[in-house]
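Note that the structure is a prediction, hence the values are computed from the model and not measured. Just so you know, residue 1 is the first one in the sequence shown, and it goes up from there.
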Amino acid sequence: MTTAFIWDLDGTLLDSYDAILAGIEETYAHYGLDFDREGIHSYILKHSVQKLLEKVASEKGLDAAEMNAFRGASLKEKNAQVHLMEGAAEILAWAEEQGIAQFVYTHKGLNAHQILEDLGIHDYFTEIITTANGFERKPHPEGVDYLIEKYDLDKQETYYIGDRTLDVDVAVNSGIQSINFCDYRPEINQKIEKLVDIKQLFTR
């Protein structure tokens with residue numbers, strides 16, 4: 001069976017946390033909230049932006065969906081602040097040369113398509129799953145399970161590649177393999193320091 005890579009975007013292929021944090025900062029300012037950059041960065045890496053907004057909305061008596069809509073509009077204006085992670089173009093081209101099927105499963109919205117087009121990497125992916133698909137959020141396996149079933153992927157040869165424990169968890173919950181920047185449960189995750197390290201994992 002063919003090897004398949006399912007990619008996370010933010011912090012994995014896209015150097016986008018500055019843009020994400022800028023969007024959150026604008027949202028906090030709009031609602032008159034104090035913005036602790038380091039604390040918030042740490043929280044979204046461990047959990048997610050969605051969880052952050054739900055937590056803040058609950059604590060402050062605000063509407064999380066409304067906050068997220070404001071943040072989404074703010075973030076679209078910041079597409080130019082999003083760049084490729086070091087080695088992203090190289091590893092995507094290498095994987096294509098190797099005949100590896102490539103997909104995206106991200107918590108980003110439809111805006112992800114525009115960003116990937118702008119950065120010149122959209123065409124590497126057979127399918128791109130965003131929040132617009134309506135699947136349960138990671139670490140729920142629904143989105144990965146959909147790709148496995150639709151494309152008849154071999155779980156032993158399919159890898160979810162990400163940068164957070166959440167991404168390791170979705171791989172575990174889907175019964176596929178994990179490649180991740182975080183050193184988390186080494187028995188089920190292959191840790192990388194940079195994207196081009198992935199090549200070494202597949203040189204027999």
With no hydrogens and no angle check, is any side-chain donor or acceptor of Glu142 less than 3.5 Å from a backbone partner on Glu136?
yes
Would you say the side-chain atoms of Ser174 pair up with the backbone N or O of Ile176, donor to acceptor, closer than 3.5 Å?
no
With distance as the sole test, does Thr27 use its side chain to make a donor-acceptor pair with the main-chain N or O of Gly23 at under 3.5 Å?
yes
Can you tell me if Asn189 uses its side chain to pair, donor with acceptor, with the backbone of Val168 under 3.5 Å?
no
side-chain contact (heavy atoms from CB on, under 4.5 Å), that's the test. Do Glu127 and Tyr146 meet it? Break it down for me.
CA-CA 11 Å; Glu127 184 164 352; Tyr146 158 81; 2.7 Å; yes
Quick one, Leu14 with Thr106, criterion side-chain contact (heavy atoms from CB on, under 4.5 Å). Give me CA distance, side-chain angles, the key distance, then yes/no.
CA-CA 11 Å; Leu14 303 183; Thr106 177; over 6 Å; no
Kindly say whether Ile129 contributes a backbone atom to a donor-acceptor pair with the side chain of Asn133 at under 3.5 angstrom?
no
Out of curiosity, Leu84 CG to Ile121 CD1, how far, rounded to the nearest 0.5 Å?
5.0 Å
Taking side chain to side chain contact (heavy atoms under 4.5 Å, CB included) as the criterion, tell me which of Asp8, Asp167, Leu195 meets it with Phe181.
Leu195
In this structure, would Tyr184 and Tyr160 fall into the same cluster of hydrophobic residues linked by side-chain contacts under 4.5 Å?
no
Cluster overlap Leu166 with Tyr159, hydrophobic side-chain contacts below 4.5 Å
no
What I want to find out is whether Lys138 reaches Asp169 closely enough, with some N-O distance under 4.0 Å, to be called a salt bridge.
no
